[in-house]
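When reading the values below, keep in mind they use all heavy atoms of this one structure, side chains included, and skip hydrogens, waters and symmetry mates. Proteins get letters first, then strands, A, B, ... in listed order; numbering begins at 1 in each.
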Amino acid sequence: MEKNISTFQVLKRQFKTIKESKKSYLYILYIVNMICAGTLPAVAVIIPKLIIDAFGGSSLDSIYLYIGVFAGVSLVLSVIVVIITNITTAEFLILRLDEFDRLANLMYRLDYKYLEDSKFMDRTEISTETLSGDGMGYQYTFTLIYQILPLLLSSILYVIIISTFNIYLIIVCILSSILIMLINSMAKKYAYTKKEEEAHANRQSTYFYNTTHDFTYGKDIRIYDLNDKIKQDFREKNYSYISVIKNIKNHEFKLGMWQLLLLLIQDGLAYFLVIKGYYDGLISLGDMTLYIGAIIALNTAFRDIGIKFSELKDATRYTKDYFKFIDDKSLFSFQGSKKALKETFGIEFKNVSFKYPGTDNYILKDFNFKINKGEKLAIVGMNGAGKSTIVKLITGLFRPTSGKILVNGIDSQEFAQDEYFKMFSVVFQDINIYASSVIENVMGKDSGEENKKIAQLCIEKVGLKNKIESLPKGYNHPLLKVMEEDGIELSGGESQKLAIARALYKNGQIVILDEPTAALDALAEAEIYQKFSDLVGDKTAIYISHRLSSTKFCDHIALFSKEGLIEYGTHNELMKQKGEYYHMFTIQGKYYQESGDNND
Amino acid sequence: MTNFQVFKRFIKISFKEDKAYFFAIIFQSLYAMGLTLFNVYSLKLILDSVVAKSYQDSLIIGGFVVIVNLLLNFLSKLSTRLVDVGRIRLAKKLNLVIGKKLMAIPYRYLEDPYYLDLKERAKFACENQGAVSQFLRFFTNLLQYSFTLISLAIIIISFDFWIMIILIVVVILNLLINVNSMKFMVKFFKELIPINRRFTYLLSLIYETKYSKDSRLYSVGSLMMERFTSFKDKTSQYFKKLHLQLNKYESLNSIVNYIQVFLIYLIIAIKSFNEKLGAGNFTFYITSAITFSKVMNDLVNSIVSLRQYCEYLNPFVELINLKEEKDEGSKIPFEGEIETIEFKDVSFKYPKTENLILKNISFKIDKGQKISIVGLNGAGKTTLIKLLCRLYKPSSGEILINNVNIIDYEYKSYIKQISAVFQDFKLFAYSISENITNENNQDEMAFKYAVDVGLKEKIESLKNGIKSKYSKAYDQEGIELSGGEAQKVAIARALYKKSSLVILDEPTSALDPLAEADIYMNFNNLVKKKTAIYISHRMSSSTFCDKVLVINGGKIESYDTHKNLMKNKESLYYKLFNSQAKNYALEKEILV
């Protein structure tokens with residue numbers, strides 16, 4: 001059940017975090033700033049009146065006094081404001097970054113399935129945006145309240161000043177300011193209705209921006225002479241985007257005309273009353289400057305308050321989504337508590353059905369399958385047959401829509417998430433190298449001499465020893481250039497080997513390799529095949545590949561098609577069957593055979 | 001480049017792109033100046049009139065003030081509307097300018113980490129810092145404030161020269177105070193750029209799907225999380241220090257400002273009192289002086305900000321200044337088809353590297369031949385192809401096509417003869433049909449080629465068939481293709497192009513055995529009479545090619561038919577082939 005959080009509740013909650021972060025002194029700073037920054041401009045409005053009225057006098061003494069006190073008080077107030085503003089700006093930033101940390105940790109720990117759900121990822125975009133800058137969302141809320149409070153105080157002071165002259169003037173000012181604010185929100189609402197259109201046009205022009213700025217498109221653009229076509233489309237889409245913006249701004253402009261009308265009425269009334277008041281003998285020249293000054297200042301203050309309130313509404317809208325997000329307990333579904341098993345084990349799929357969240361297509365339906373303890377299984381089949389899905393289910397990244405996955409007879413969901421993940425050494429198709437040192441990429445968080453030695457041994461086992469030791473910083477050399485300037489980039493094949501070393505080091509009870517040799521040349525590939533038994537030992541292992549040649553060193557082969565598991569057995573059994581596997585194997589081997597035959 | 005050079009160049013480029021915008025900001029600055037001046041003057045008008053004139057006259061003057069105010073506000077809103085849209089439009093235009101440039105610079109820049117970094121920095125400046133918009137905004141302010149200051153200065157000097165002196169002295173004082181503060185700010189923002197970049201990287205590890213599997217399954221994931229947290233803490237401390245520094249400078253500024261206020265009020269009040277200037281003049285000159293001081297502050301801040309944004313825009317301007325790849329000198333247009341390809345003693349090393357990737361490569365390909373290139377990872381196969389495509393120039397030696405050095409051909413007519421599918425090929429967010437044909441009215445032909453590469457079923461399963469738009473990045477209605485399906489589209493694209501040379505680099509790496517066999521079996525049909533070069537780790541592909549070029553350590557080890565090469569059981573080729581073939585050998589026993 002989704003509770004609708006109001007703007008006020010968002011503010012309350014956000015300000016509570018100040019206390020929770022043990023920074024309650026910020027509350028005091030807010031108040032002090034309000035008083036100082038609020039009175040500062042009001043004093044500047046009063047001073048001219050005092051001086052002008054004193055012109056009628058005989059000596060400059062009172063004028064000296066007024067000016068001295070004015071400058072002195074203002075100086076003190078403004079220095080206080082400067083100091084407090086700097087302190088609070090830094091603290092607001094820190095509060096935001098701390099919250100960002102909280103969000104990042106949440107993202108890191110939540111169920112993997114959400115990360116493949118594009119609707120979910122859109123939701124996280126909003127939460128991330130709210131924390132990603134000082135001019136938006138979370139931090140900006142603190143800043144806005146900080147700026148609004150003094151404006152409110154100033155406004156109250158101006159209202160008091162003007163009301164000593166004429167109550168009706170105040171009422172007109174307030175009314176017209178409210179109307180002006182209403183008009184502003186009408187403009188905003190209109191812009192909001194155009195949001196979809198704007199986002200769509202922006203996405204399209206941004207696509208061309210990204211494509212031209214992405215160097216990996218460079219070869220194809222040049223070879224297929226797409227230069228002109230892309231240029232033209234880019235230009236067109238820029239133009240479409242600007243049209244939407246023009247539309248929004250034109251609407252804003254037209255509404256602005258009404259605001260001018262209101263100003264006309266307000267100003268007209270104010271000047272009339274003030275001039276009349278002077279001629280009626282009710283007010284002095286000094287008073288005239290005071291009231292006119294106060295009215296102008298009040299208008300400006302109201303206008304600024306209006307703008308800031310509307311920005312506050314925007315900012316809290318983002319933050320509201322963020323709070324909803326981090327409060328969502330349903331994001332973590334691993335409720336189990338069992339610890340990782342110490343030895344390798346068998347895996348069983350029991351009546352497992354699965355479809356990806358947000359889709360209707362069942363990838364697996366009532367799937368039953370058993371992998372015995374210590375077995376080396378090859379999973380082959382056509383693209384899109386669900387091979388990678390099975391890996392994601394086994395490793396616990398996704399959970400079955402219905403049915404159970406048993407590990408060593410225990411329901412996988414009874415394990416604690418972290419513990420469950422510990423049991424698998426997986427090398428996925430898309431290799432990830434992190435911007436840390438070579439040895440950290442393999443060891444992760446582990447440290448200590450013994451662990452280092454083990455990691456180095458793993459690196460040697462995959463054939464990377466020479467390459468790594470040739471680097472200036474050896475095993476500690478940073479990878480990728482983004483964090484360290486002297487970082488290096490490994491080639492596709494080297495990266496794949498490093499990923500295998502990482503899996504080896506982890507020493508999980510189950511080893512899963514998903515197309516691990518796709519980027520390797522024939523000899524490097526053969527090396528990995530040879531080492532496979534070394535790498536895997538007597539652990540249960542799953543090997544996924546297009547290259548049927550690799551299945552020879554597995555115990556059993558499972559062949560999948562779109563309909564599910566269609567053949568299962570040893571290589572010899574399946575060849576004898578002369579079914580789908582036989583067909584694929586002979587076709588792939590055909591070209592080697594023909595020449596093999598020719599060789600005789 | 002110095003900041004001033006960046007400033008000049010950026011203004012020049014922007015002016016060229018959108019002259020209307022610059023006229024709009026001058027218009028806006030003039031009206032903003034008018035509004036400010038009138039605000040300063042209007043109170044004097046009213047005060048003077050009530051003292052000297054009749055009630056009716058004063059009311060008329062009051063009305064006059066209100067109406068002029070309205071008019072100026074109207075013009076101000078109008079110019080704001082023009083300038084706001086103009087700024088966004090100009091920013092988009094500049095995006096296009098860079099985009100065009102990046103498509104036209106020599107390819108070797110795209111694989112050069114220096115330019116990659118330059119591009120990323122330029123992108124970061126525009127996307128995260130809004131550098132282009134902010135620069136334009138502050139430039140507008142600069143104009144506006146300058147105009148206003150000049151007119152206010154005239155007023156003040158005409159009243160009392162000393163006030164102007166005080167104001168200028170204060171400005172100089174503030175500048176002196178701020179010199180260090182500005183230096184500090186500039187250094188701070190420079191250091192912030194790489195910090196932001198690292199922060200963004202660490203964030204991407206958490207948000208991007210591609211990292212998430214490994215991040216959960218391996219402890220390196222939580223290592224990077226810890227890095228994120230400690231990086232965040234470091235950044236917090238960094239900002240705290242910044243603000244502590246700023247405190248000192250800004251407080252000094254405040255003190256100087258209020259001393260200034262004190263002196264100005266004093267001088268103007270005394271003069272007004274002694275010379276009986278009246279309330280109107282008093283407020284007029286006070287307001288002028290105070291406004292001058294405020295606008296001067298704003299001007300200095302704008303200059304500081306502009307400087308900061310010039311720093312951010314440095315990579316942007318450097319990119320725009322890059323020389324495009326244009327044919328120099330007279331070039332021969334390529335006519336006819338490719339009859340012969342010859343590498344003559346070609347050696348090559350990548351720019352800024354020491355190692356030769358290719359060493360004295362010499363070989364010849366005749367028209368219509370299908371050549372397979374094999375070798376270990378990093379042997380130089382893909383590099384050879386890049387040279388043929390003129391993405392790079394040989395360090396020494398020549399590549400001749402039809403006995404002419406390929407560099408002597410006019411580029412566009414040359415590249416028309418070559419189509420290639422690289423390992424990291426890309427498809428574009430156009431329809432599948434347009435991706436294949438590069439035109440939007442060749443659906444039938446596109447479909448024919450799609451069927452040829454094995455995409456019939458997939459296309460027919462799509463709602464919009466071959467007109468389906470590829471990729472959700474562009475349009476939410478777009479479709480996604482699997483790795484193998486995309487690869488097939490890329491192959492169809494290469495085959496559709498009316499080239500005389502087709503180059504395929506690992507074109508079946510993502511395809512399953514049956515799909516791969518399809519491509520193999522149809523290869524001759526698909527490629528027909530064109531010359532073809534085929535690179536693959538799957539040695540089986542060598543068997544349907546005419547000859548095999550074996551590259552080892554940058555040199556040609558052998559260049560012969562598959563049959564002949566297999567005769568030498570010590571050769572690299574034999575080892576490569578056999579290491580894969582032997583896995584399929586068991587089949588013979590079963591067949592028996």
Worksheet item: Judged by modelled atom types alone, do A/Y279 and B/S58 share a side-chain donor-acceptor pair under 3.5 Å?
Response: yes

Discussion item. Under a 3.5 Å cutoff, is there a donor and acceptor pairing between the side chains of B/T229 and A/D101?
Written reply: yes

Nearest heavy atoms of [X] and [Y], plus distance in Å:
X: A/G444; Y: B/S219; value: CA-OG, 3.3 Å
X: B/A279; Y: A/I52; value: CB-CG2, 3.6 Å
X: A/I63; Y: B/A269; value: CG2-CB, 3.9 Å
X: A/A71; Y: B/F262; value: CB-CB, 3.5 Å
X: A/N441; Y: B/V220; value: CA-CG2, 4.1 Å

Less than 4.5 Å to any heavy atom of chain B: does that hold for the side chain of [X], its backbone, both, or neither?
X: A/N250; result: both
X: A/M483; result: both
X: A/E489; result: neither
X: A/K506; result: side chain
X: A/I242; result: side chain

Discussion item. Could you check whether atom OH of A/Y239 has more than 12 heavy atoms from other residues, nucleotides or ligands sitting under 6.0 Å from it?
Written reply: no

Inter-residue atom distance [X].[atom1] - [Y].[atom2], 0.5 Å rounding:
X: B/L43; Y: A/I296; atom1: CG; atom2: CD1; value: 7.0 Å
X: A/L60; Y: B/L266; atom1: CG; atom2: CG; value: 8.5 Å
X: A/D220; Y: B/F422; atom1: CG; atom2: CZ; value: 7.5 Å
X: B/L47; Y: A/M288; atom1: CG; atom2: CE; value: 5.5 Å
X: B/L102; Y: A/Y209; atom1: CG; atom2: OH; value: 9.0 Å
X: A/L75; Y: B/I259; atom1: CG; atom2: CD1; value: 6.5 Å

Can you tell me which portion of [X] sits under 4.5 Å from chain A's heavy atoms? Options are side chain, backbone, both or neither.
X: B/R493; answer: both
X: B/V65; answer: side chain
X: B/S419; answer: both
X: B/I418; answer: backbone

Worksheet item: Can we say A/E252 and B/K77 salt-bridge, meaning some charged N sits less than 4.0 Å from an Asp/Glu carboxylate O?
Response: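 Looking at A/E252 and B/K77, the cut-off is not met.
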
Discussion item. Under 4.0 Å between a side-chain nitrogen and a carboxylate oxygen: does that hold for A/D225 and B/K416?
Written reply: no

Practice prompt. Return the orientation label for the B/Y265 and A/F70 ring planes: parallel under 30°, perpendicular over 60°, tilted otherwise.
Written response: perpendicular

Worksheet item: Between A/F100 and B/F228, how do the two ring planes meet: parallel, tilted or perpendicular, split at 30° and 60°?
Response: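 Ring orientation of A/F100 relative to B/F228: perpendicular.
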
Do [X] and [Y] meet the cation-pi criteria used here (NZ or CZ under 6.0 Å from the six-membered ring centre, within 45° of the axis)?
X: B/K426; Y: A/Y224; result: no
X: B/K119; Y: A/F215; result: yes
X: A/R222; Y: B/Y107; result: no

Examine distances only and state if a side-chain atom of [X] and a backbone atom of [Y] form a donor-acceptor pair shorter than 3.5 Å.
X: B/K497; Y: A/I223; answer: yes
X: B/S236; Y: A/I94; answer: no
X: A/Y434; Y: B/S215; answer: yes
X: B/R81; Y: A/F253; answer: no
X: A/N238; Y: B/K92; answer: yes
X: A/Y207; Y: B/A429; answer: yes

Worksheet item: What do you reckon, are the aromatic ring centroids of B/F428 and A/Y217 less than 6.0 Å apart?
Response: yes

Worksheet item: Picking from A/Q259, A/E494, A/K249, A/H213, which has the most non-hydrogen pairs under 4.5 angstrom with chain B?
Response: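 It is A/H213.
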
Practice prompt. Select, from A/D214, A/L260, A/I221, A/L226, the one with the greatest count of heavy-atom pairs under 4.5 Å involving chain B.
Written response: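 Maximum pair count with chain B is reached by A/L260.
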
